[in-house]
Amino acid sequence: MKIGIIGQGYVGLTISAFASEIFEVIGFDNNEKIVHQLNLGSSHIEGVESSVLQKAIQLGRYQATSNGNDISNVDIVVIAVPTPLTPDRKPDLTYIDAACRTIGENIRHPILVINESTSFPGTLRNYIKPAIEKYSNIPVEHMYAISPERVDPGRGDFNQKNTPRLYSGLTPEASAQTQVFYSKFCDNLVEVSSPEVAEAAKLFENTFRQVNIALVNEFAQIAHSLGISVYETLDAANTKPYGFMKFTPSAGVGGHCIPVDPTYLAEVAEEHGAPATFIRRANVVNLEMSKYVVDRVQADNGGSLNGKSVLVVGVAYKPNVADVRETAAELVIEHLRSRGAIVSWHDEVVGIWKGVKSAPLAEVDIIVVVTFHDSVVASELLATAPYVFDTTGRVIGAHGF
Ligand SMILES: NC(=O)c1ccc[n+]([C@@H]2O[C@H](COP(=O)([O-])OP(=O)(O)OC[C@H]3O[C@@H](n4cnc5c(N)ncnc54)[C@H](O)[C@@H]3O)[C@@H](O)[C@H]2O)c1
């Protein structure tokens, strides 16, 4: 079987790597630079080794392309394109629409179309299917299914093989074909009764994380005002063997999923007249954590940051990845600069961000740790600045929540 995978980013390339062990995979991406690099056997995604890609290329089981015609004879297409928010924080389906156009214009025989991009319930049935039909200039009866992606880039213990995967087709035949496809490289497939359940489950998983992160971020502020350690209190609560799950405070949430997916759920809830109060509030609490952190830093430094040199350590949204999408570091830097601080950043995993290179660890007045990669050495941070505020709980001896 030949598989076309639209989008060769975190999700699409990860699926390509697993699927190319069994199938012939055509990775379609409209970013020609990425395509060129992939065809040279060089991976740009944590968790996908270049050696895996090189082996698949040598065996003739992987090829990247920006030419839609190259996917014209595939048996299955997987959609793995971004689903961000518009500037006014509404679901942005323009990438999905472009992927549907690529499918509609290039594939003229019936295939199975599987969506892995995260979106609101009803996207497969009411958006993807009609869009592909609109862009096909001849009538083609494709099968449609959803299997929301759960990959956690940079994670070693859970991957495509051992993470249970939800799926559902628009028809029983689409469900059955989807099961056959994923069962080749995933051990645990969970069929649900409709695509809408699968789509909603994915959004709810990330909403659960966003709400609980907001709760612990609010609790960090409460604990500080009460003069007790938030970390000791959380560890104490975590001794309860049931009914509690530990989340830890942070400068906010980042990445393509947790700050974004819950808003997809809130939008669709409100469109249907249902409340989304927790979701909306959690988003605000998490966004405001960057201001709270900078307020604390300012209060500890004589009430003014004007003219102070500040190094923000860790600008990736989470440890050990180079992904800076929606990173809380951006808001922390904005708040610091708006108060007159002279801000630089250090993150050797990210390397270059917004055209600027990671600054070396050199003497500054203040360090604010937003993300702590494994390669960072806590004692070096403490030796670099007289004042270190750590939002990660990893720098023992620093100021923090
Ligand atoms: N990153 C994650 O950890 C994660 C986890 C689960 C689900 N998801 C979801 O998966 C989807 C993809 O996310 P991602 O993190 O892989 O995004 P990404 O930005 O890493 O990759 C998307 C890729 O799609 C390409 N692209 C954009 N439009 C295209 C088009 N019209 N045709 C072909 N290629 C196109 C981009 O060039 C990019 O390489 C999103 O819906 C996201 O919410 C992401």
Side-chain angles (χ1 to χ4, degrees), residues 4-18 26-39 42-48 64-71 74 77-85 91-107 113-120 123-124 127-128 131-132 135 146-155 158-160 163-167 198-199 201-207 209-210 253-265 316-327:
I5 301 185
I6 303 190
Q8 292 293 282
Y10 283 92
V11 167
L13 192 64
T14 306
I15 290 291
S16 297
F18 277 83
I26 309 288
F28 176 85
D29 200 294
N30 58 5
N31 183 328
E32 290 181 6
K33 215 170 126 194
I34 288 178
V35 165
H36 179 69
Q37 213 185 318
L38 291 174
N39 281 331
S42 167
S43 166
H44 62 300
I45 296 297
E46 291 93 5
V48 179
T65 183
S66 290
N67 181 352
N69 195 38
D70 289 342
I71 62 160
V74 298
V77 160
V78 176
I79 301 174
V81 294
T83 44
L85 296 172
D92 178 357
L93 295 193
T94 51
Y95 298 89
I96 295 258
D97 187 69
C100 291
R101 179 177 215 134
T102 301
I103 298 167
E105 290 181 349
N106 291 288
I107 301 178
V113 177
I114 304 173
N115 180 37
E116 287 210 17
S117 295
T118 307
S119 186
F120 48 80
T123 302
L124 183 74
Y127 196 92
I128 291 178
I132 292 175
Y135 289 122
I146 170 85
S147 183
E149 184 51 58
R150 287 169 158 169
V151 65
D152 187 4
R155 188 168 192 129
F158 283 103
N159 55 35
Q160 293 295 327
T163 307
R165 177 177 276 283
L166 303 178
Y167 72 98
E199 289 165 326
K202 170 69 195 177
L203 292 185
F204 189 71
E205 288 163 19
N206 282 342
T207 302
R209 286 181 61 77
Q210 195 208 39
V253 291
H256 185 22
C257 297
I258 297 173
V260 174
D261 299 353
T263 302
Y264 271 65
L265 187 56
Y317 84 88
K318 69 174 182 178
N320 308 324
V321 299
D323 193 345
V324 290
R325 289 177 294 181
E326 309 269 337
T327 174

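One-based numbering, in listed order, for ligands and for the atoms of each.
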For ligand 1, is any non-hydrogen atom under 4.0 Å from Ile34's backbone (N, CA, C, O), its side chain (CB onward), both, or neither? side chain
Ligand 1 to Ile6, heavy atom cutoff 4.0 Å, flagged ligand atoms 32 (N), 33 (C)
Closest approach of Pro164 to Arg150 (non-hydrogen atoms, all atoms of both residues): O-NH1, 2.7 Å
Under the salt bridge (Lys or Arg N to Asp or Glu O under 4.0 Å) test, residues paired with Glu149 that sit two or more places apart: Arg165
When you measure from the side chain of Asn39 to the backbone of Ala64, do you find a donor-acceptor pair of N or O atoms at a distance under 3.5 Å? yes
Does the side chain to side chain contact (heavy atoms under 4.5 Å, CB included) test come out yes or no for Leu13 and Ile34, once each step is laid out? CA-CA 11 Å; Leu13 192 64; Ile34 288 178; over 6 Å; no
Please state which protein non-hydrogen atom is closest to atom 32 (N) of ligand 1 and give its distance, to 0.1 Å? Phe28 CE2, 3.5 Å
When you compare the side chains of Thr65 and Asn67, does any donor N or O come within less than 3.5 Å of an acceptor on the partner? no
Got the closest protein heavy atom to atom 5 (C) of ligand 1, with its distance? Val151 O, 3.4 Å
So which heavy atom in the protein is nearest atom 44 (C) of ligand 1, and how far is it from that ligand atom? Val11 CG2, 3.4 Å
For atom OH of Tyr95, is the number of surrounding heavy atoms from other residues, nucleotides or ligands below 6.0 Å larger than 12? no
Answer side chain, backbone, both or neither: which part of His44 comes under 4.0 Å from ligand 1, heavy atoms only. neither
Could you tell me whether the side chain of Tyr167 and the main chain of Pro148 form a donor-acceptor pair under 3.5 Å? no
Is there a donor in the side chain of Gln8 and an acceptor in the side chain of Ser16, or the other way round, less than 3.5 Å apart? yes
Asp261 N/O to ligand 1 N/O under 3.5 Å: no
Evaluating non-hydrogen atoms only, which member of Glu32, His256, Arg325 is closest to atom 19 (O) of ligand 1? Arg325
Closest protein heavy atom to atom 24 (O) of ligand 1, given as residue, atom name and distance to 0.1 Å: Gly7 CA, 3.4 Å
In terms of atom number and element, which parts of ligand 1 are under 4.0 angstrom from non-hydrogen atoms of Thr83? 40 (C), 41 (O), 43 (O)
Which bit of Cys257 is near ligand 1, meaning a heavy atom under 4.0 Å away: side chain, backbone, both or neither? side chain
Look only at interatomic distance and state if Ile45 has a nitrogen or oxygen under 3.5 Å from any nitrogen or oxygen of ligand 1. no
Among residues at least two apart in sequence or on other chains, which ones pass side chain to side chain contact (heavy atoms under 4.5 Å, CB included) with Asn206? Lys202, Arg209, Cys257, Ile258, Asp261
For Val81, does its backbone N or O pair with a side-chain atom of Ser117 as donor and acceptor, under 3.5 Å? yes
Using side-chain heavy atoms (C-beta onward) and a distance below 4.5 Å, is Val260 in contact with Thr83? no
For Asn31, atoms of ligand 1 separated by under 4.0 Å from a heavy atom: 37 (O)
For ligand 1, which is the ligand I care about here, please tell me if Thr118 has any N or O atom under 3.5 Å from one of the ligand's N or O atoms. yes
Taking the non-hydrogen atoms of Val81, is any one of them nearer than 4.0 angstrom to ligand 1? yes
Considering only protein heavy atoms, which is closest to atom 34 (N) of ligand 1, and at what distance to one decimal place? Asn30 N, 3.4 Å
Under 4.0 angstrom from ligand 1, any heavy atom of Lys202? yes
Asp29, portion touching ligand 1 at heavy-atom distance under 4.0 Å: both
